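Note: hydrogens, waters and symmetry copies are ignored here, and every other heavy atom, side chains too, is used. What you see is a predicted model, and the numbers here were worked out from it, not measured in a lab.
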Amino acid sequence: QVQLVETGGGLVQAGGSLRLSCAASGRTFSSYAMGWFRQAPGKEREFVAAISGSGGSTDYLDSVKGRFTISRDNAKNTVYLQMNSLKPEDTAVYYCAAKMAYVSMRYRGSYPYWGQGTQVTVSS
C-alpha cells in the first residue's frame with residue numbers, strides 16, 4: 001500500500017508557473033506508475049499526465065503537451081508536475097495517483113491509491 005501527499009499548489013497569474021510535488025510512502029515507489037489528474041468545479045476528474053515506474057515512459061493530455069512536464073525521483077519517493085504557461089482553464093484541484101502497472105493510465109478508475117489533492121488557481 002502507498003500513501004500520497006501533494007504539495008505545491010497555489011494562486012498564480014496566467015502565463016506563470018507552478019511545480020506540484022507528490023510524496024509517496026513506502027520502499028517500493030519505483031514499482032508504481034504514477035498519474036496526475038485534475039478536477040475543476042462542476043466537472044469530472046480528468047487525466048493530465050502519467051509516468052512509468054522507471055520514468056522512461058510518459059503520457060500527457062493534449063491540452064497540456066508542451067506546457068506541463070511530469071517527472072519522478074525514485075530516490076526521494078516523489079513525482080513532480082512542472083506546469084508552465086498556465087492558463088485560467090488549468091484551474092482545478094490536482095491529484096496524484098498510483099498503480100502497479102503502466103497500463104490504462106488515462107482511466108481514473110484503475111488507480112487504487114490517491115492523494116488528497118492540491119488547489120491550483122490561475123487568474124486572468
Supply the atom-to-atom distance [X] [atom1] to [Y] [atom2], rounded to the nearest 0.5 angstrom.
X: Y102; Y: I51; atom1: OH; atom2: CD1; result: 8.0 Å
X: T118; Y: L81; atom1: OG1; atom2: CG; result: 11.0 Å
X: Y111; Y: R106; atom1: OH; atom2: CZ; result: 10.0 Å
X: S52; Y: M34; atom1: OG; atom2: CE; result: 12.0 Å
X: D73; Y: S21; atom1: CG; atom2: OG; result: 10.5 Å

Which heavy-atom pair separates [X] from [Y] by the least distance, and what is that distance?
X: V122; Y: T91; answer: N-OG1, 2.9 Å
X: A14; Y: P88; answer: CB-CD, 4.1 Å
X: A49; Y: Y60; answer: CB-CD2, 3.7 Å
X: A23; Y: T78; answer: CA-OG1, 4.1 Å
X: L4; Y: V2; answer: CD2-CG2, 3.9 Å
X: V93; Y: G117; answer: CG1-CA, 3.8 Å

Donor-acceptor contact below 3.5 Å, side chain [X] vs main chain [Y]:
X: E6; Y: C96; value: yes
X: Q82; Y: R19; value: no
X: R108; Y: E44; value: no
X: Y32; Y: A101; value: no

Report the residues that fulfil side-chain hydrogen bond (donor to acceptor under 3.5 Å, both in side chains) with [X], sequence neighbours left out, ordered by chain and then residue number.
X: R38; result: E46, D90, Y94
X: T121; result: Q119
X: S110; result: K99

Check for me whether the distance between the ring centres of Y107 and F47 falls short of 6.0 Å.
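No, ring centres 6.0 Å or more apart.
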Are [X] and [Y] close enough that some pair of their side-chain heavy atoms sits under 4.5 Å apart?
X: W36; Y: V79; answer: yes
X: L86; Y: L18; answer: yes
X: Y80; Y: L20; answer: no

message: With no hydrogens and no angle check, just 3.5 Å: does a side-chain donor-acceptor pair link N84 and S17?
response: yes
Discussion item. I want to check a possible cation-pi pair here: R45 against W114, using under 6.0 Å from ring centre and within 45° of the ring axis as the test.
Written reply: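 Yes; both conditions hold, so R45 lies above the ring face of W114.
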Does the Lys NZ or Arg CZ of R72 fall within the cation-pi geometry relative to F29 - under 6.0 Å from the ring centre and within 45° of the axis? yes
*asked:* Are more than 12 heavy atoms, taken from residues, nucleotides or ligands other than Q116, located less than 6.0 Å from that residue's CD atom?
replied: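 For Q116, atom CD is crowded (more than 12 foreign heavy atoms under 6.0 Å).
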